[in-house]
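Before any comments, here is the structure.
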There are 2 protein chains.
Amino acid sequence: MNINQADDALLALAQSFREALRQIVYVMRRLDSEEQLSSAQLGVLKMALDGGARVGGIARNLGVKVPSATEQIIKLERAGLVKREADPDDSRAVRVAATAAGRAAVENADRRRNQYIAGILGTLSQEERDAVEAALPVFDKINNSVQN
Amino acid sequence: MNINQADDALLALAQSFREALRQIVYVMRRLDSEEQLSSAQLGVLKMALDGGARVGGIARNLGVKVPSATEQIIKLERAGLVKREADPDDSRAVRVAATAAGRAAVENADRRRNQYIAGILGTLSQEERDAVEAALPVFDKINNSVQN
DNA sequence: CCTAACAGTTAGGTTACCTAAATATCAAGG
DNA sequence: CCTTGATATTTAGGTAACCTAACTGTTAGG
């Protein structure tokens, strides 16, 4: 009995959680549609900031397959925001590194997006902001458990 | 000074929040890719459960334009999960109603998805689950503030 | 009635994914 | 060395979900 109650509570939480997830996806889509750089491209660019990242690593971090990452990288390259160069240690690999323009674009996009989100968070009460803050590391943990 | 500190804290929270949003989008994508019914289609189906929903309302609720909603509705109709019928009050409008098969599909998909999410939430501590639960209504509020 | 506004569908295009196949390089064993 | 299997990326081709613009039919106000 007790165990079933726990299960029921968990399933109820799961249901609410799923609704929140769905809404968040829409929020994200909205946010993305108002910017030049998609959030996936911004993610690539950030990985390319320090020293350069490999295509496989970028794909893994983005949660997509390698060809999809390549596609975004090529777009960023055409936009002059990253450059692709041979990996000195492994000639099979490609290192993707941000250009100066790329670096500037990250700062710009980050600032704009943070201000947009901060504008929304600013309408919340302190308690609500605290609730969000407390939940964020849990979302991180959830994400990691889905990865595997 | 004080105001700027508040701004900085808000921007920092916004930054962490954005990272969580991005991760959640990936969790959602993963979840969707393992199911027959996309979460958008499941959303349509749920709106079609009680009495029937209009295409425009479905689109609004889904956060997409009307033609995109029509497209999903047609797919569901071809799969035998909804039927489209004239609105008795307004012949311009179409009412989308779930069939018996559609009703069953909702129950099935909901159960599967809830169990998947519950499986993840079950690995969390009680405190972590509480943190998630406390944050969910805030996400709801955020979503509403983005809608306008 | 006529006309503007509205509800949906159709047509055509874009973007972000995916899988499978091709290319190039690496590393380990014989 | 040289082959062979694994690894890193790109290319080719396809799908699904979205969009805007244009079209059809219906309603409702002047």
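Chain naming here is simple, since letters A, B, ... match the order of the sequence lines and numbering starts at 1 in each.
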Classify the nucleic acid contact of [X] as base, sugar-phosphate or nothing, counting any heavy atom under 4.0 Å across all strands shown.
X       : answer
A:Asp87 : nothing
A:Arg84 : sugar-phosphate
A:Val66 : base

Does B:Arg92 get its side chain close enough to the base of C:dC6, under 3.5 Å, for a donor-acceptor pair?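 Side chain to base: pair found, below 3.5 Å.
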
Can you measure [X] atom [atom1] to [N] atom [atom2] for me and round it to whole angstrom units?
X       : N      : atom1 : atom2 : value
A:Asp90 : D:dT9  : CG    : C1'   : 11 Å
A:Glu71 : C:dC18 : CD    : P     : 10 Å
B:Ile73 : D:dA17 : CD1   : P     : 13 Å
A:Arg60 : C:dC18 : CZ    : C1'   : 18 Å
B:Leu37 : D:dA16 : CG    : C1'   : 14 Å
B:Ile58 : C:dA7  : CD1   : C1'   : 13 Å
A:Arg30 : D:dC18 : CZ    : P     : 14 Å
B:Leu42 : D:dA17 : CG    : C1'   : 16 Å

Aromatic ring pairing B:Phe139/A:Phe139, orientation class (parallel under 30°, perpendicular over 60°, tilted between):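 Perpendicular: the ring planes of B:Phe139 and A:Phe139 meet at over 60°.
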
5' precedence on DNA chain C between A:Asp89 and A:Lys75 (nearest-nucleotide basis):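 Looking at the nearest nucleotide for each, A:Lys75 comes out on the 5' side.
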
Would you say [N] has OP1 or OP2 under 4.0 Å from some side-chain N or O of [X]?
X       : N      : answer
A:Lys65 : C:dA16 : no
B:Ser68 : D:dA17 : no
A:Arg54 : D:dT7  : no
B:Gln72 : D:dC18 : yes
B:Thr70 : C:dT9  : yes
A:Ser91 : C:dA24 : no

Could you go step by step and tell me if B:Arg22 and B:Tyr26 meet the side-chain hydrogen bond (donor to acceptor under 3.5 Å, both in side chains) rule? CA-CA 7 Å; B:Arg22 191 169 74 98; B:Tyr26 299 148; 3.2 Å; yes

Are a donor atom and an acceptor atom from the side chains of [X] and [Y] found within less than 3.5 Å of each other?
X        : Y        : result
A:Tyr116 : A:Arg112 : no
B:Arg129 : B:Gln126 : yes
A:Glu19  : A:Gln15  : yes

On DNA chain D, check which nucleotide each of A:Arg29 and A:Ala93 is closest to and give me the residue with the more 5' one.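 Nearer the 5' end of the strand: A:Ala93.
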
